[in-house]
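Here's the structure, in structure tokens; my notes come after.
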Number of protein chains: 2
Amino acid sequence: MGLTKTEMFTSEQNQLAQLLKAMAHPARIAILQRILVSNTCICGDLVEELGLAQATISQHLRELKSVGIIQGTIEGVSVCYCINPETWKLLETQIGAFLGSYKLEASCC
Amino acid sequence: MGLTKTEMFTSEQNQLAQLLKAMAHPARIAILQRILVSNTCICGDLVEELGLAQATISQHLRELKSVGIIQGTIEGVSVCYCINPETWKLLETQIGAFLGSYKLEASCC
DNA sequence: ACTATATATCGTAATATTACAATATATATT
DNA sequence: AATATATATTGTAATATTACGATATATAGT
């Protein structure tokens, strides 16, 4: 036990869950917001601005990168991260369809 | 360690992370989708339709309920669950603002 | 080549999550 | 009241997450 039974669900359900999970941490939301305002962002800046250890930030960045939400390119001695437009579009579509499928009706409990 | 440092982040960041986390599991996405198509939904139906134990479904329902995404009312011997419109609206607003703040620009890495 | 700087990875402790059997609780029916 | 049915809770094992110190790696400048 303790292991999610992914085989019970559709690949769409698993994919959406994976994307949501990657964003479901305040540090990773803060990281994404920082990238969203600056468009690009150097890893080192995040270590200074958020109050977490360098290893922790690096770990969070890897998690966002592993599901394809961000991408990083080496820029001299540092690494520049930015949004992966493909995945972001997918996120908007999937979450939008999911949240948008709710129609408020009177017959509720 | 092993404990999220919520004090480092804004309450908005923590709240959004909490809502995303509640949805970030394929079983809970499946539960929500089931509620979305039927508008309301009896807990017992979920146990039959998803292939998980009754205790597991009940646990997932409690998680969704604890963050206010769904609400349940006792209906005789069973419990009827439905979307909490307030929280759903909050979700749409928060996630919409978050995802929508990305503007694709050429200057990316 | 050596040094400094930036980031990633490893190892690990504390905590959280997931799943389920067993059991408790609560309502409806007889 | 006793029984059946539906859901919640408890306890627990397996696994995952979070955070960070220590260390490795990789590039830039001297």
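Basis for what follows: all heavy atoms, side chains included, without hydrogens, waters or symmetry-related copies. Below, chain A is the first sequence line, B the second, and so on; all start at residue 1.
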Give, for atom CG of A:L90 and atom CG of A:L16, the distance between the pair rounded to the nearest 0.5 Å.
-> 9.0 Å

With the side chain defined as heavy atoms from C-beta on, A:T4 is closest, among C:dT7, C:dA19, D:dT18, to C:dA19

Here the distance between atom C1' of C:dT17 and atom CE of B:M23, to the nearest Å, is 18 Å

Can you figure out which of D:dA19, C:dA19, C:dT15 approaches the side chain of A:K5 most closely?
-> C:dA19

Would A:L61 and A:I70 satisfy side chain to side chain contact (heavy atoms under 4.5 Å, CB included), going step by step from the backbone distance to the final call?
-> CA-CA 8 Å; A:L61 285 168; A:I70 63 172; 3.7 Å; yes

N or O in side chain of A:K21 less than 4.0 angstrom from C:dT17 OP1/OP2 = no

Describe the nucleic acid contact of A:V77 in one word from base, sugar-phosphate, nothing, applying a heavy-atom distance below 4.0 Å.
-> base

List the steps, then state whether side chain to side chain contact (heavy atoms under 4.5 Å, CB included) holds for A:F98 with B:L36.
-> CA-CA 9 Å; A:F98 181 65; B:L36 287 167; 4.0 Å; yes

Measure the distance from CD on B:E75 to P on D:dA6 and round it to the nearest whole Å.
-> 14 Å

Taking only the side-chain nitrogens and oxygens of B:Y81, find out if one of them lies under 4.0 Å from OP1 or OP2 of D:dA8.
-> yes

A:L46 has an atom CG; how far is it from atom C1' of C:dA8, in whole Å?
-> 15 Å

Measure the CZ-OG1 distance between B:F9 and B:T4 for me, rounded to the nearest 0.5 Å.
-> 8.0 Å

Give the rounded distance in Å between these two atoms: CD of B:E7 and P of D:dA19.
-> 9 Å

For atom CD1 of B:I74 and atom P of C:dT27, their distance in whole Å | 6 Å

Result for 5'-nearest mapping on DNA chain C, choosing between A:I42 and A:T6, is A:I42

Determine whether A:N39 and A:I83 make a side-chain contact, defined as any pair of heavy atoms from C-beta on separated by less than 4.5 Å.
-> no

Using the six-membered ring wherever Trp is involved, compare the ring planes of A:H25 and A:H60 and label them parallel, tilted or perpendicular (cut-offs 30° and 60°).
-> tilted

Under a 4.0 Å heavy-atom cut-off, which of residues 47-66 of chain A touch DNA chain D?
-> A:L52, A:A53, A:A55, A:T56, A:Q59, A:H60, A:E63

Tell me the salt bridge (charged side-chain N to carboxylate O under 4.0 Å, His left out) pairs involving residues 9-35 of chain A, sequence neighbours left out?
-> A:R28-A:E63, A:R34-A:D45, A:R34-A:E49

